[in-house]
Amino acid sequence: MARIAFILLCHKNPSAIVQQAEQLTAAGDFIAIHFDASADAQDYTTITEALSGNPNVTFAKRRVKCGWGEWSLVQATLCAIEAAVDAFPRASHFYMVSGDCMPIKSATYAHQFLDDHDCDFIESYDFFDSNWIKTGFREERLIYRHFFNERTQKWRFYTSLGLQQKFGMTRKIPSDIQVMIGSQWWCLRRRTIEALLEFVQHRKDVMRFFRTTWIPDETFFQTLVRHLVPGSEIENRTLTFLMFTDYGMPVTFYNDHYDLLLGQDGLFARKISAEAQDLRDDLGAMYVSERTDFVISDEGRNLFGFLTGRGRIGRRFAPRFWESETTLGRSRELLIIACKKWHVAKRLVAGIHRHTDIPTVEYLFNEEDTPLPDLGGIEASLAKRGRHRRAFLRMLFDHYQSDRLVICLDTADLELMRDFFADRATVRLLEIECIFDDAYLTGHAKRVGLVGADAGEATIARLLPTIRNDIAHERDSMRDASFSGALRIRENASTDENAAAIARFLSINADLARDLAETPYLFVD
């Protein structure tokens, strides 16, 4: 009978990890855990202590600081695989999962399925000839060397790439391998894993190549399995059911998706919401239930495509099932800086970016050219961002792998503020109150097209009171909304007063808040 060693990469939510490990080992399977080295040390201690008495649990002997798109994710996976191979000699299969994965079939069903299918399950399409990559870089992932993280070291990433392109510093792919690409959620037989580890030890040239490719977790295992295993012993699919939106983000499942998930042609599903505790409990109980009477309808992806299409042409009669929860996430903090003088807010945001690890985005709903990551197209225009604003922010939280995010809004964006404050997430507002002299208001009128560049002084003089009253009305409307916990810094306030508000807004210490309050030229026009 098959015995599975699960390979789990995780970085947060220790209670959920402990629950997942206990559920997956309850039917006699195993799990090897790699907990990100950059995560909270106390969380790791909590996990190891809670699972110390479970003989079917082991931990990677070396922990790696992981970053999206980096080799570190592959290295962490290899560390967990090596630990599993050493600790669990009876494991016949190795199954890659994340903290967002849950079983959608029983262990009895999964074991029998693997016994009946003597093959490896991994997506592996030709890197160059397939259409697996929908947007963004293709050959650039391989022929250039990538030393920096695109998300956290954007300038260095693109400067390095630009210099290599400028000077033609390309490299060759190892001649005896065909690069493949596919999902990172695979299930491999023990003999495949052992052959892969042996290859890793002897082919240092291939290892050097993949260490500086971009997003190697989508190519490394996919390429090596095809290189080491006959095609007749590979089934080109993942046993983990997952779906993606039009914007390239995974669809999240919630408590009311239990029956839908059990009917899909897979053993696990991703991505199960961290808030869907009932679904997690039900799936965990089902895994040890010895059920085998699953009816495979496998309609999930077709249903998704059908309802998405109806929504595009105005014929969607009910909420889409994957949109049943549109919250930003109960555990997340959205920190809104509202200021009419955009350059003032941007200076403060730049300081926050320099002095803290909180991701920051400027006027994302106001400026078309606000610097934004590639999110599959939803970031391409103000119209798309505004139409899908909560989905857009969820994608930003996911992109930055953070539960905190600072954004800037104009004081006129009262509707957006109300919408975000109605969310389940923790939302805080910091208003920056500026002094508006006639010179600034004149420039503002010209920038927004209220008057031409050559408008006369008399025209501007008649217009200034109206503009000043309009700005005051926006400020008063925002304050009349009585947003919970709203804070304010003022141009004519003392540094101590402003620092106190910033400290509460960002939940930081007084010294750091004072540094931000003393941002050079913060209020200078």
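Position 1 is the first residue of the sequence; numbering continues from there.
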Any carboxylate oxygen within less than 4.0 angstrom of a Lys/Arg side-chain nitrogen, looking at [X] and [Y]?
X	Y	result
D419	R389	yes
R490	E431	no
K340	D410	yes
R428	E333	yes
R332	D423	no

Steps toward salt bridge (charged side-chain N to carboxylate O under 4.0 Å, His left out) verdict (R475, E433): CA-CA 9 Å; R475 178 199 62 206; E433 182 182 310; 5.5 Å; no

Checking [X] side chain against [Y] main chain: does a donor-acceptor pair fall under 3.5 Å?
X	Y	answer
Q20	C101	yes
T212	H146	no
D126	M180	no
Q222	G182	yes

Heavy-atom closest pair, residues [X] and [Y]:
X	Y	answer
R171	Y144	NH2-O, 3.5 Å
R270	W185	NE-CZ2, 3.2 Å
R63	D36	NH2-O, 2.9 Å
M169	L163	SD-O, 4.3 Å
C408	N366	O-OD1, 4.2 Å
S331	D403	O-CB, 3.9 Å

Quick check, are the ring centers of F35 and H11 under 6.0 angstrom apart? no

Could you tell me whether F157 and W214 have their ring centroids closer than 6.0 angstrom?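 When the ring centroids of F157 and W214 are compared, they turn out to be within the sub-6.0 Å range.
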
Could you check whether atom [atom1] of [X] has more than 12 heavy atoms from other residues, nucleotides or ligands sitting under 6.0 Å from it?
X	atom1	answer
R504	CZ	no
R156	CZ	no
H473	NE2	no
K65	NZ	no
E368	CD	yes

Evaluate salt bridge (charged side-chain N to carboxylate O under 4.0 Å, His left out) for R514 paired with D496, printing each intermediate quantity in order. CA-CA 7 Å; R514 187 176 184 85; D496 288 341; 2.3 Å; yes

Parallel, tilted or perpendicular: which one describes the rings of [X] and [Y], with boundaries at 30° and 60°?
X	Y	value
F220	W71	perpendicular
F253	H257	perpendicular
F365	F392	perpendicular
W68	H399	tilted

How long is the gap from [atom1] on [X] to [atom2] on [Y], to the nearest 0.5 Å?
X	Y	atom1	atom2	answer
Y254	L260	OH	CG	14.0 Å
L348	T360	CG	OG1	10.0 Å
N149	C66	CG	SG	11.0 Å
L516	I489	CG	CD1	9.5 Å
Q75	D217	CD	CG	13.0 Å
I502	R488	CD1	CZ	14.0 Å

Would you sort out whether E150 and Y158 count as a side chain to side chain donor-acceptor pair (under 3.5 Å), showing the intermediate values? CA-CA 8 Å; E150 192 268 345; Y158 286 104; 2.8 Å; yes

Below 4.5 Å, heavy atoms only, C-beta onward: do [X] and [Y] meet side chain to side chain?
X	Y	answer
N492	F523	no
L396	P373	yes
T240	S183	no
K271	L242	no
L393	F420	yes
R394	L328	yes
L334	I336	yes
F127	T219	yes

Measure from NZ or CZ of R151 to the centre of the six-membered ring of Y400, then state whether that distance is under 6.0 Å and the direction lies within 45° of the axis. no

For the residue pair [Y] / [X], report whether a side-chain donor-acceptor contact shorter than 3.5 Å exists.
X	Y	answer
E123	W132	yes
E497	S494	yes
S273	R280	no
D413	T411	no

Side chain to side chain donor-acceptor pair (under 3.5 Å): pairs with one or both residues in residues 345-359, sequence neighbours excluded: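 Of all non-adjacent pairs touching residues 345-359, those that pass side chain to side chain donor-acceptor pair (under 3.5 Å) are K346-E367.
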
Walk me through it: do E518 and N498 pass the test side chain to side chain donor-acceptor pair (under 3.5 Å)? CA-CA 9 Å; E518 293 176 335; N498 287 343; over 6 Å; no

Show your reasoning for whether side chain to side chain donor-acceptor pair (under 3.5 Å) applies to D43 and T45. CA-CA 5 Å; D43 285 349; T45 300; over 6 Å; no

Verify side chain to side chain donor-acceptor pair (under 3.5 Å) between R145 and S160, making sure each step is shown before the conclusion. CA-CA 8 Å; R145 297 168 178 83; S160 171; over 6 Å; no

Using the rule side chain to side chain contact (heavy atoms under 4.5 Å, CB included), only one of H34, R62, M207 pairs with L78; which is it?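 It is M207, the one option of H34, R62, M207 that forms the side chain to side chain contact (heavy atoms under 4.5 Å, CB included) with L78.
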
